[in-house]
2 protein chains.
Amino acid sequence: MLLSTKGDYGVRAMIDLAKHEGEGPVQRAEIARRRQIPESYLDHLLAQLRRAGFVRSVRGPGGGHLLAKPAEDICLLHLLEALEGSLAPLQCLDGAETGAEAICGQEWVWQEIYDNMRNKLSSVSLAALVDHEREHERSVTINYSI
Amino acid sequence: MLLSTKGDYGVRAMIDLAKHEGEGPVQRAEIARRRQIPESYLDHLLAQLRRAGFVRSVRGPGGGHLLAKPAEDICLLHLLEALEGSLAPLQCLDGAETGAEAICGQEWVWQEIYDNMRNKLSSVSLAALVDHEREHERSVTINYSI
DNA sequence: GCTATTCACGACCAATCTGGTAGACATTGT
DNA sequence: ACAATGTCTACCAGATTGGTCGTGAATAGC
(Lines give C-alpha, C1' and ligand atoms only; values in the text may rest on other atoms or scores of the structure.)
Protein backbone atom coordinates (compact mmCIF):
# COMPACT_ATOMS: atom_id res chain seq x y z
CA MET A 1 0.00 0.00 0.00
CA LEU A 2 1.49 3.28 -1.09
CA LEU A 3 -0.67 5.38 1.24
CA SER A 4 -1.38 4.48 4.82
CA THR A 5 -4.31 5.89 6.72
CA LYS A 6 -1.94 8.65 7.78
CA GLY A 7 -2.10 10.20 4.31
CA ASP A 8 -5.76 9.46 4.02
CA TYR A 9 -6.62 11.02 7.41
CA GLY A 10 -4.39 14.00 6.71
CA VAL A 11 -6.07 14.74 3.41
CA ARG A 12 -9.50 14.30 4.94
CA ALA A 13 -8.60 16.80 7.64
CA MET A 14 -7.34 19.28 5.06
CA ILE A 15 -10.54 18.89 3.05
CA ASP A 16 -12.46 19.69 6.20
CA LEU A 17 -10.42 22.82 6.83
CA ALA A 18 -10.79 23.91 3.22
CA LYS A 19 -14.52 23.38 3.34
CA HIS A 20 -14.80 25.75 6.30
CA GLU A 21 -12.36 28.30 4.94
CA GLY A 22 -13.37 31.81 5.94
CA GLU A 23 -15.46 30.67 8.90
CA GLY A 24 -12.75 31.07 11.50
CA PRO A 25 -10.70 28.39 13.24
CA VAL A 26 -11.95 24.82 13.09
CA GLN A 27 -11.45 22.77 16.21
CA ARG A 28 -9.62 19.48 16.25
CA ALA A 29 -12.54 17.75 17.94
CA GLU A 30 -14.88 18.92 15.19
CA ILE A 31 -12.62 17.63 12.44
CA ALA A 32 -12.18 14.34 14.25
CA ARG A 33 -15.92 13.91 14.65
CA ARG A 34 -16.89 14.86 11.11
CA ARG A 35 -14.14 12.92 9.40
CA GLN A 36 -14.09 9.94 11.73
CA ILE A 37 -10.48 10.27 12.80
CA PRO A 38 -9.30 9.41 16.34
CA GLU A 39 -8.77 12.82 17.89
CA SER A 40 -5.47 12.10 19.61
CA TYR A 41 -4.04 10.70 16.42
CA LEU A 42 -5.30 13.69 14.47
CA ASP A 43 -3.28 15.77 16.90
CA HIS A 44 -0.07 14.32 15.46
CA LEU A 45 -1.19 14.79 11.88
CA LEU A 46 -2.13 18.41 12.42
CA ALA A 47 1.25 19.03 14.01
CA GLN A 48 2.91 17.55 10.95
CA LEU A 49 0.77 19.63 8.61
CA ARG A 50 1.52 22.75 10.62
CA ARG A 51 5.25 22.15 10.55
CA ALA A 52 5.00 21.60 6.79
CA GLY A 53 3.33 25.01 6.44
CA PHE A 54 -0.11 23.90 5.32
CA VAL A 55 -1.94 24.71 8.51
CA ARG A 56 -1.77 27.39 11.17
CA SER A 57 -3.50 27.22 14.48
CA VAL A 58 -4.89 29.46 17.17
CA ARG A 59 -4.83 28.58 20.85
CA GLY A 60 -7.34 29.36 23.51
CA PRO A 61 -11.12 29.42 23.54
CA GLY A 62 -12.52 29.83 20.05
CA GLY A 63 -9.21 28.67 18.71
CA GLY A 64 -8.58 25.89 16.25
CA HIS A 65 -6.96 25.26 12.89
CA LEU A 66 -6.91 27.17 9.63
CA LEU A 67 -5.40 26.71 6.20
CA ALA A 68 -2.09 28.56 6.05
CA LYS A 69 -2.63 29.29 2.35
CA PRO A 70 -5.53 29.23 -0.10
CA ALA A 71 -6.95 25.82 -0.99
CA GLU A 72 -6.21 26.52 -4.65
CA ASP A 73 -2.51 26.74 -3.87
CA ILE A 74 -2.24 23.36 -2.16
CA CYS A 75 -1.89 20.35 -4.40
CA LEU A 76 -2.39 16.75 -3.45
CA LEU A 77 1.19 15.84 -4.34
CA HIS A 78 2.77 18.22 -1.85
CA LEU A 79 0.22 17.38 0.78
CA LEU A 80 0.81 13.65 0.54
CA GLU A 81 4.55 14.05 0.38
CA ALA A 82 4.42 16.06 3.58
CA LEU A 83 2.38 13.36 5.28
CA GLU A 84 3.88 10.19 3.88
CA GLY A 85 7.33 11.14 2.68
CA SER A 86 8.42 10.35 -0.85
CA LEU A 87 5.78 8.59 -2.92
CA ALA A 88 8.41 6.91 -5.11
CA PRO A 89 7.26 3.36 -5.79
CA LEU A 90 10.84 2.09 -5.71
CA GLN A 91 13.85 3.07 -3.64
CA CYS A 92 15.92 3.82 -6.72
CA LEU A 93 13.44 6.48 -7.91
CA ASP A 94 13.50 8.22 -4.58
CA GLY A 95 15.63 11.16 -5.62
CA ALA A 96 18.06 10.40 -2.82
CA GLU A 97 20.26 8.24 -5.00
CA THR A 98 21.47 5.36 -2.91
CA GLY A 99 23.67 3.67 -5.45
CA ALA A 100 21.47 0.59 -5.77
CA GLU A 101 19.90 1.68 -9.07
CA ALA A 102 22.09 -0.27 -11.44
CA ILE A 103 20.89 -3.68 -10.30
CA CYS A 104 17.19 -3.18 -9.97
CA GLY A 105 16.33 -3.72 -13.65
CA GLN A 106 12.80 -2.35 -13.42
CA GLU A 107 13.35 1.34 -12.93
CA TRP A 108 12.67 2.12 -16.62
CA VAL A 109 9.16 0.69 -16.15
CA TRP A 110 8.42 2.47 -12.91
CA GLN A 111 9.80 5.84 -13.93
CA GLU A 112 6.95 6.29 -16.38
CA ILE A 113 4.37 5.22 -13.80
CA TYR A 114 5.84 7.55 -11.21
CA ASP A 115 5.86 10.49 -13.62
CA ASN A 116 2.25 9.90 -14.48
CA MET A 117 1.37 9.75 -10.82
CA ARG A 118 3.17 12.94 -9.93
CA ASN A 119 1.60 14.81 -12.82
CA LYS A 120 -1.86 13.75 -11.85
CA LEU A 121 -1.36 14.53 -8.16
CA SER A 122 0.16 17.92 -8.99
CA SER A 123 -2.87 18.83 -11.04
CA VAL A 124 -5.36 18.26 -8.23
CA SER A 125 -5.72 21.07 -5.70
CA LEU A 126 -7.34 20.91 -2.32
CA ALA A 127 -9.99 23.22 -3.75
CA ALA A 128 -10.71 20.62 -6.43
CA LEU A 129 -11.14 17.95 -3.78
CA VAL A 130 -13.64 20.14 -1.95
CA ASP A 131 -15.51 20.85 -5.18
CA HIS A 132 -15.64 17.17 -5.87
CA GLU A 133 -16.97 16.43 -2.43
CA ARG A 134 -19.68 19.10 -2.74
CA GLU A 135 -20.61 17.67 -6.12
CA HIS A 136 -20.89 14.26 -4.57
CA GLU A 137 -23.04 15.47 -1.71
CA ARG A 138 -25.75 16.64 -4.07
CA SER A 139 -26.32 13.10 -5.29
CA VAL A 140 -25.84 11.24 -2.04
CA THR A 141 -27.73 11.55 1.22
CA ILE A 142 -24.75 11.23 3.54
CA ASN A 143 -22.63 14.29 4.08
CA TYR A 144 -20.08 15.48 6.55
CA SER A 145 -20.90 19.12 7.08
CA ILE A 146 -22.98 20.10 10.07
CA MET B 1 7.32 3.06 -0.79
CA LEU B 2 5.01 0.85 -2.82
CA LEU B 3 7.63 -1.85 -3.38
CA SER B 4 9.93 -3.14 -0.69
CA THR B 5 13.14 -4.94 -1.48
CA LYS B 6 11.08 -8.10 -1.37
CA GLY B 7 9.51 -7.28 -4.71
CA ASP B 8 12.78 -5.96 -6.04
CA TYR B 9 14.76 -9.06 -5.00
CA GLY B 10 12.05 -11.36 -6.30
CA VAL B 11 12.02 -9.74 -9.72
CA ARG B 12 15.81 -9.76 -9.87
CA ALA B 13 15.78 -13.48 -9.12
CA MET B 14 13.19 -14.10 -11.82
CA ILE B 15 15.24 -12.13 -14.32
CA ASP B 16 18.18 -14.32 -13.45
CA LEU B 17 16.18 -17.50 -14.01
CA ALA B 18 14.80 -16.16 -17.28
CA LYS B 19 18.26 -15.26 -18.47
CA HIS B 20 19.43 -18.83 -17.97
CA GLU B 21 16.28 -20.41 -19.37
CA GLY B 22 17.11 -23.62 -21.19
CA GLU B 23 20.40 -24.14 -19.40
CA GLY B 24 19.02 -26.42 -16.71
CA PRO B 25 18.33 -25.67 -13.05
CA VAL B 26 19.90 -22.56 -11.55
CA GLN B 27 21.09 -22.85 -8.00
CA ARG B 28 19.97 -20.58 -5.24
CA ALA B 29 23.54 -19.74 -4.31
CA GLU B 30 24.29 -18.67 -7.87
CA ILE B 31 21.28 -16.37 -8.04
CA ALA B 32 22.13 -14.92 -4.66
CA ARG B 33 25.71 -14.24 -5.70
CA ARG B 34 24.94 -12.74 -9.11
CA ARG B 35 22.03 -10.60 -7.96
CA GLN B 36 23.42 -9.64 -4.59
CA ILE B 37 20.60 -11.08 -2.51
CA PRO B 38 21.19 -12.69 0.91
CA GLU B 39 20.87 -16.37 0.18
CA SER B 40 18.77 -17.34 3.17
CA TYR B 41 16.35 -14.55 2.45
CA LEU B 42 16.19 -15.57 -1.20
CA ASP B 43 15.09 -18.95 0.10
CA HIS B 44 11.84 -17.42 1.33
CA LEU B 45 11.25 -15.53 -1.88
CA LEU B 46 11.80 -18.59 -4.05
CA ALA B 47 9.36 -20.54 -1.89
CA GLN B 48 6.80 -17.79 -2.41
CA LEU B 49 7.40 -17.73 -6.15
CA ARG B 50 7.14 -21.51 -6.32
CA ARG B 51 3.86 -21.55 -4.43
CA ALA B 52 2.57 -18.86 -6.78
CA GLY B 53 3.39 -21.08 -9.74
CA PHE B 54 6.16 -19.02 -11.31
CA VAL B 55 9.05 -21.27 -10.38
CA ARG B 56 9.62 -25.00 -10.11
CA SER B 57 12.60 -26.58 -8.48
CA VAL B 58 14.67 -29.74 -8.56
CA ARG B 59 16.33 -31.23 -5.49
CA GLY B 60 19.56 -33.09 -5.20
CA PRO B 61 22.93 -32.53 -6.80
CA GLY B 62 22.64 -30.58 -10.02
CA GLY B 63 19.26 -29.36 -8.84
CA GLY B 64 18.09 -25.79 -8.60
CA HIS B 65 15.31 -23.56 -9.85
CA LEU B 66 13.60 -23.11 -13.20
CA LEU B 67 10.83 -20.96 -14.62
CA ALA B 68 7.57 -22.83 -14.41
CA LYS B 69 6.36 -21.14 -17.61
CA PRO B 70 7.91 -19.20 -20.48
CA ALA B 71 9.30 -15.76 -19.67
CA GLU B 72 6.98 -14.26 -22.30
CA ASP B 73 3.97 -15.46 -20.31
CA ILE B 74 4.97 -13.85 -17.03
CA CYS B 75 4.13 -10.18 -16.62
CA LEU B 76 5.52 -7.81 -14.05
CA LEU B 77 2.08 -7.13 -12.61
CA HIS B 78 1.37 -10.71 -11.64
CA LEU B 79 4.89 -11.23 -10.42
CA LEU B 80 4.81 -8.21 -8.14
CA GLU B 81 1.34 -9.00 -6.88
CA ALA B 82 2.53 -12.47 -5.94
CA LEU B 83 5.47 -11.02 -4.04
CA GLU B 84 3.99 -7.91 -2.50
CA GLY B 85 0.26 -8.48 -2.40
CA SER B 86 -2.10 -5.91 -3.89
CA LEU B 87 -0.37 -2.89 -5.39
CA ALA B 88 -3.39 -0.67 -4.78
CA PRO B 89 -2.14 2.73 -3.64
CA LEU B 90 -5.12 3.14 -1.32
CA GLN B 91 -7.07 0.70 0.80
CA CYS B 92 -10.32 1.63 -0.87
CA LEU B 93 -9.03 0.58 -4.31
CA ASP B 94 -7.94 -2.77 -3.03
CA GLY B 95 -10.73 -4.81 -4.55
CA ALA B 96 -11.59 -6.17 -1.13
CA GLU B 97 -14.13 -3.46 -0.44
CA THR B 98 -13.91 -2.61 3.22
CA GLY B 99 -16.72 -0.12 3.47
CA ALA B 100 -14.43 2.83 4.14
CA GLU B 101 -14.58 4.15 0.57
CA ALA B 102 -17.24 6.77 0.99
CA ILE B 103 -15.16 9.01 3.25
CA CYS B 104 -11.80 8.95 1.58
CA GLY B 105 -12.50 11.67 -1.00
CA GLN B 106 -9.46 10.97 -3.14
CA GLU B 107 -10.31 7.67 -4.76
CA TRP B 108 -11.36 9.32 -8.02
CA VAL B 109 -7.82 10.70 -8.35
CA TRP B 110 -6.06 7.46 -7.50
CA GLN B 111 -8.23 5.19 -9.61
CA GLU B 112 -6.79 6.71 -12.76
CA ILE B 113 -3.23 6.42 -11.46
CA TYR B 114 -3.79 2.82 -10.43
CA ASP B 115 -5.27 1.91 -13.82
CA ASN B 116 -2.31 3.43 -15.59
CA MET B 117 0.06 1.52 -13.37
CA ARG B 118 -1.65 -1.81 -13.88
CA ASN B 119 -1.76 -1.35 -17.64
CA LYS B 120 1.89 -0.57 -17.81
CA LEU B 121 2.91 -3.44 -15.54
CA SER B 122 0.72 -5.87 -17.47
CA SER B 123 2.41 -4.92 -20.70
CA VAL B 124 5.90 -5.75 -19.50
CA SER B 125 6.89 -9.41 -19.56
CA LEU B 126 9.81 -11.04 -17.84
CA ALA B 127 11.24 -11.61 -21.31
CA ALA B 128 11.12 -7.87 -21.92
CA LEU B 129 13.02 -7.25 -18.69
CA VAL B 130 15.72 -9.67 -19.80
CA ASP B 131 15.91 -8.04 -23.23
CA HIS B 132 16.26 -4.71 -21.57
CA GLU B 133 19.03 -5.95 -19.33
CA ARG B 134 20.93 -7.44 -22.29
CA GLU B 135 20.52 -4.16 -24.12
CA HIS B 136 21.92 -2.35 -21.15
CA GLU B 137 24.89 -4.67 -20.81
CA ARG B 138 26.15 -3.74 -24.24
CA SER B 139 26.66 -0.14 -23.18
CA VAL B 140 27.85 -0.70 -19.64
CA THR B 141 30.86 -2.63 -18.40
CA ILE B 142 29.20 -4.21 -15.37
CA ASN B 143 27.11 -7.28 -15.96
CA TYR B 144 25.77 -10.13 -13.95
CA SER B 145 26.22 -13.17 -16.16
CA ILE B 146 29.19 -15.43 -15.54
C1' DG C 1 -6.23 37.20 38.05
C1' DC C 2 -9.06 32.96 37.50
C1' DT C 3 -10.92 29.64 34.76
C1' DA C 4 -12.30 27.14 30.87
C1' DT C 5 -10.97 26.13 26.36
C1' DT C 6 -8.00 24.85 23.08
C1' DC C 7 -3.58 23.57 20.99
C1' DA C 8 1.53 21.55 21.70
C1' DC C 9 4.46 18.10 22.76
C1' DG C 10 6.61 14.07 24.38
C1' DA C 11 6.32 9.42 26.50
C1' DC C 12 4.61 5.23 25.88
C1' DC C 13 2.46 1.04 23.72
C1' DA C 14 0.77 -2.96 20.77
C1' DA C 15 0.53 -4.95 16.28
C1' DT C 16 2.49 -5.72 11.96
C1' DC C 17 5.94 -5.94 8.35
C1' DT C 18 10.58 -6.26 6.60
C1' DG C 19 14.70 -8.27 6.20
C1' DG C 20 17.26 -11.66 7.76
C1' DT C 21 19.57 -16.00 10.29
C1' DA C 22 19.80 -20.77 11.65
C1' DG C 23 18.96 -25.45 11.85
C1' DA C 24 16.67 -29.73 11.05
C1' DC C 25 14.99 -32.41 7.36
C1' DA C 26 13.81 -34.36 2.60
C1' DT C 27 15.37 -35.67 -1.93
C1' DT C 28 18.44 -37.38 -5.21
C1' DG C 29 22.76 -38.05 -8.33
C1' DT C 30 27.11 -40.40 -8.05
C1' DA D 1 26.79 -43.89 1.74
C1' DC D 2 27.46 -39.30 1.02
C1' DA D 3 27.42 -34.88 -0.73
C1' DA D 4 24.68 -31.46 -2.91
C1' DT D 5 20.70 -29.28 -3.08
C1' DG D 6 16.03 -27.60 -2.01
C1' DT D 7 12.08 -27.26 2.01
C1' DC D 8 10.38 -25.85 6.04
C1' DT D 9 9.80 -23.92 10.58
C1' DA D 10 11.24 -21.15 14.16
C1' DC D 11 13.27 -17.29 15.64
C1' DC D 12 14.97 -12.45 15.80
C1' DA D 13 15.84 -7.22 15.51
C1' DG D 14 14.38 -2.94 13.81
C1' DA D 15 11.10 0.26 11.68
C1' DT D 16 6.56 1.86 10.96
C1' DT D 17 1.70 2.42 11.89
C1' DG D 18 -1.85 3.72 14.57
C1' DG D 19 -2.85 4.78 18.45
C1' DT D 20 -3.38 6.59 23.97
C1' DC D 21 -2.29 9.59 27.75
C1' DG D 22 -0.73 13.29 30.56
C1' DT D 23 1.41 17.53 31.20
C1' DG D 24 2.00 22.08 29.92
C1' DA D 25 1.32 26.55 27.40
C1' DA D 26 -1.57 30.21 25.32
C1' DT D 27 -5.55 32.98 25.54
C1' DA D 28 -10.50 34.73 25.61
C1' DG D 29 -13.97 36.03 28.72
C1' DC D 30 -15.28 37.07 33.17
>> Going 5' to 3' along DNA chain D, between which two nucleotides do contacts with chain A fall, using a heavy-atom cut-off of 4.0 Å?
In response: D/dT17 to D/dA28
>> What is the distance, to the nearest angstrom, from the CG atom on A/Leu17 to the C1' atom on C/dC7?
In response: 14 Å
> Closest nucleotide of DNA chain D for A/Tyr41 versus for B/Leu46: which of these residues is on the 5' side?
Replying inline: B/Leu46
> Checking side-chain contact (heavy atoms from CB on, under 4.5 Å) for the pair B/Leu126/B/Phe54: CA distance, chi angles, key distance, verdict?
Replying inline: CA-CA 11 Å; B/Leu126 191 52; B/Phe54 292 111; over 6 Å; no
> In whole angstroms, how far is the P atom of C/dA8 from the CG atom of A/Leu45?
Replying inline: 13 Å
> Are OP1 or OP2 of C/dT18 and a side-chain N or O of B/Tyr9 less than 4.0 angstrom apart?
Replying inline: no
> How long is the span from the CD atom in B/Glu84 to the CG atom in B/Leu80, to the nearest 0.5 Å?
Replying inline: 6.5 Å
> When the distance from CG of A/Leu42 to P of C/dA8 is rounded to whole Å, what number comes out?
Replying inline: 11 Å
> Between A/His65 (NE2) and C/dC7 (P), how many Å, whole number?
Replying inline: 4 Å
> For A/Asp115 and A/Gln111, does a side-chain donor sit closer than 3.5 Å to a side-chain acceptor?
Replying inline: yes
> So which heavy atom on A/His20 is nearest to which on A/Asp16, and how close?
Replying inline: ND1-O, 2.9 Å
> Who else is in A/Val58's hydrophobic cluster (ILVMFWY, side-chain heavy atoms under 4.5 Å, direct or via others)?
Replying inline: A/Leu66
> Between A/Pro38 and B/Gln27, which is nearer to the 5' end of DNA chain D once each is assigned its nearest nucleotide?
Replying inline: B/Gln27
> Can you give one letter per nucleotide of nucleotides 23-30 of chain C, 5' to 3': B if a protein heavy atom sits under 4.0 Å from the base, S if only from the sugar-phosphate, - if neither?
Replying inline: ---BBBB-
> Reckon A/His44 touches a base, only the sugar-phosphate, or nothing at all at heavy-atom distances under 4.0 Å?
Replying inline: base
> Closest approach of A/Met1 and B/Gln91, non-hydrogen atoms and distance?
Replying inline: SD-N, 3.5 Å
>> For the CG atom of A/Leu121 and the CD1 atom of B/Ile113, what is their distance to the nearest 0.5 Å?
In response: 4.0 Å
> Expressed in angstrom and rounded to an integer, what is the separation of B/Leu83 atom CG from C/dT18 atom P?
Replying inline: 11 Å
> Between atom CZ in A/Arg56 and atom P in C/dT6, what is the gap in whole Å?
Replying inline: 17 Å
> Going through the distances and angles, do B/Arg34 and B/Lys19 end up as a side-chain contact (heavy atoms from CB on, under 4.5 Å)?
Replying inline: CA-CA 12 Å; B/Arg34 279 198 294 258; B/Lys19 207 163 179 181; over 6 Å; no
> How far apart are the closest heavy atoms of A/Leu45 and A/Lys6, and which atoms are they?
Replying inline: CD2-CG, 3.5 Å
> Under 4.0 Å between a side-chain N or O of A/Ser57 and OP1 or OP2 of C/dT6?
Replying inline: no
> How would you label the contact of B/Ser40 with the nucleic acid (heavy atoms, under 4.0 Å): base, sugar-phosphate, or nothing?
Replying inline: base
>> Distance check needed: C/dG19 C1' versus B/Glu39 CD, whole Å only.
In response: 16 Å
> What does B/Arg50 touch in the nucleic acid at a heavy-atom separation under 4.0 angstrom: a base, only the sugar-phosphate, or nothing?
Replying inline: sugar-phosphate
